[in-house]
Chemist: 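Below you'll find the structure I mean.
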Amino acid sequence: MRKLIAAAALALSACSTASDEIASADSTLPISPPPIARCMNLGSALEATYEGEWGYTVRREDLERIKAVGFDTIRLPVRWSAHALEDAPYTLSPDMLARVHEIAGWAETIGLNIIINVHHYDALNDAPEQHEPRLEAIWDQLAASFAGASNLVIFETLNEPHTNMSVARTDALNKRLMQRIRLDNPDRWVILATANWGNLDALEASRPDYDPRVMLTLHSYTPFDFTHQGAPWADAPRTGVRWGTRSDLKEMRADLDDAVEVQTQQRMPVVVGEFGVYEGVPVEARVRWTRAMRTEMEARGLAWCYWDYAGSLKAYELETETWIPEVKAALLD
Ligand code: GLC
């Protein structure tokens, strides 16, 4: 089916751009190896409107600890929409920019890649026509501000578009953002947002332009009723959902095979940018799923970012300042 679509796209090439054809059709294009392998999400910090409000403030020693156990990358979710003017020119708060530069500087000194994204832009999902120009202006400023940063700094256009941000709308927005980002950052790695909360169906339906320094992304909390049981913000059962039968594992493998298929079709690496299990789930069950995900992703050469370090799906316990040993082992041993 996909080949038929590609052939039809080629036949229509007079109406489309060169990169459109290449993205779906040219199977000889190299798939660049992703610059990251094992990555940790620093959720609950700059993801909140004010850092610290959700109980976690990023510290330099956290980055050192993450590096020391074998991660090569951190992903830093940032709620930029709460730190930009509401009206044009949508100026970003200098304090917030300075804070993200501080953390990026630590990462560069320590030798970790750092993915900087735009997280929780809820109003954009509700009213894209109104908010897309604001996001474009936010990216103009971020792209200019980080133009001189090392190639350890990686951009991610937007976290989990949904609701009115359809696949087509997200693809179109990604294209515009890439054009702007590339003006100042011709070689920087960029992760493109995937619609429908980063789900597999949206990843498969997306038609991004080929770029040798772009990664696509999948967020996988499947089955959600298992990974989010008991989580107060989630529409999931409170408790009692199990995972780990032969057929559960088969489904996990099939999804990851599909992600690899997208990679092969689009000629760009896929990173699993979020996966994890709510902290309220018994640790043996959390670890069974997490270890299975990690080993199945690595068996397929897929890069991954665990969600998250010290938030509600945590791998690290701030109260005791220790890793949760079972979760750490599931990710790294
Ligand atoms: C998404 C949300 C984040 C949440 C996570 C796990 O990234 O933006 O707030 O903690 O998924 O549910």
Side-chain angles (χ1 to χ4, degrees), residues 39-58 62 73-83 114-126 131 135 138 154-165 170 191-203 215-239 241 243 255 270-281 285-286 289-290 293-294 303-318 324 327 330-331:
C39 155
M40 179 60 87
N41 274 289
L42 297 186
S44 273
L46 288 88
E47 192 197 341
T49 301
Y50 296 103
E51 188 183 13
E53 201 175 43
W54 290 3
Y56 175 51
T57 299
V58 178
D62 294 321
T73 306
I74 52 169
R75 178 172 180 262
L76 185 70
V78 186
R79 193 187 288 247
W80 290 107
S81 55
H83 302 275
I114 175 168
I115 301 166
I116 298 169
N117 81 353
V118 173
H119 212 91
H120 289 306
Y121 197 166
D122 300 330
L124 173 76
N125 296 300
D126 294 334
H131 285 275
L135 180 62
I138 289 173
I154 297 170
F155 292 153
E156 180 173 351
T157 56
L158 181 65
N159 185 62
E160 299 188 349
H162 57 87
T163 312
N164 295 322
M165 285 302 299
T170 301
I191 300 174
L192 299 184
T194 301
N196 196 13
W197 307 89
N199 278 356
L200 182 59
D201 56 352
L203 178 66
M215 286 175 269
L216 309 178
T217 194
L218 169 68
H219 289 188
S220 181
Y221 294 103
T222 310
F224 193 80
D225 279 356
F226 168 73
T227 62
H228 279 67
Q229 60 188 301
W233 69 93
D235 181 17
R238 293 300 91 199
T239 180
V241 184
W243 185 90
D255 283 357
V270 170
V271 51
V272 179
E274 291 189 19
F275 74 106
V277 183
Y278 178 58
E279 62 178 329
V281 177
R286 288 184 76 193
W289 184 92
T290 303
M293 275 294 285
R294 194 268 293 191
W304 53 261
C305 297
Y306 181 71
W307 186 280
D308 61 348
Y309 176 62
S312 301
L313 289 76
K314 61 175 67 85
Y316 185 83
E317 189 60 77
L318 288 173
I324 300 170
V327 178
L331 293 172

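One-based numbering, in listed order, for ligands and for the atoms of each.
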Chemist: Is it true that the side chains of H131 and Y121 contain a donor and an acceptor less than 3.5 Å apart?
Modeler: yes
Chemist: To which protein heavy atom is atom 10 (O) of ligand 1 closest, and what is the distance rounded to 0.1 Å?
Modeler: W307 NE1, 3.2 Å
Chemist: What's the shortest distance from atom 8 (O) of ligand 1 to any protein heavy atom, and which residue and atom give it?
Modeler: H119 NE2, 2.9 Å
Chemist: Is the closest heavy atom of W197 to ligand 1 under 4.0 Å?
Modeler: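 Contact absent.
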Chemist: Look at R75 together with E274 and state whether they make a salt bridge at an N to O cut-off of under 4.0 Å.
Modeler: yes
Chemist: Output the list of atoms in ligand 1 that are nearer than 4.0 Å to some heavy atom of N159, sorted by atom number.
Modeler: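 Per the distance check, 7 (O), 8 (O).
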Chemist: May I ask you to list the atoms of ligand 1 that are less than 4.0 angstrom from any heavy atom of Y221?
Modeler: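 The atoms of ligand 1 under 4.0 Å from a heavy atom of Y221 are 5 (C), 6 (C), 11 (O).
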Chemist: Would you say the ring centers of H119 and W307 fall short of 6.0 Å from each other?
Modeler: yes
Chemist: To the nearest 0.1 Å, how far is atom 12 (O) of ligand 1 from its closest protein heavy atom, and which atom is that?
Modeler: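 So the nearest neighbour among protein heavy atoms is H228 NE2, 2.7 Å.
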Chemist: Is there side-chain contact between T157 and N117, with heavy atoms separated by less than 4.5 Å?
Modeler: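 When only atoms from C-beta onward are counted, N117 and T157 do not touch, as no gap falls below 4.5 Å.
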Chemist: Could you identify the single nearest non-hydrogen protein atom to atom 11 (O) of ligand 1 and state the distance to 0.1 Å?
Modeler: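 Nearest protein contact, heavy atoms only, for atom 11 (O) of ligand 1 is E274 OE1, 3.3 Å.
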Chemist: Does Y278 have a heavy atom less than 4.0 Å from any atom of ligand 1?
Modeler: no
Chemist: How about Y306 and F275: are their ring centres within less than 6.0 Å of each other?
Modeler: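 Distance test on ring centres: under 6.0 Å, yes.
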Chemist: Is the Y278 to W233 ring centre distance short of 6.0 Å?
Modeler: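 Yes.
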Chemist: So do the side chains of V78 and H120 get within less than 4.5 Å of each other, counting heavy atoms only?
Modeler: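 V78 does not reach H120 side chain to side chain.
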Chemist: Nearest to atom 3 (C) of ligand 1, what protein heavy atom do you find, and at what distance?
Modeler: E47 OE2, 3.3 Å
Chemist: Can you check whether W233 has an N/O within less than 3.5 Å of an N/O in ligand 1?
Modeler: yes
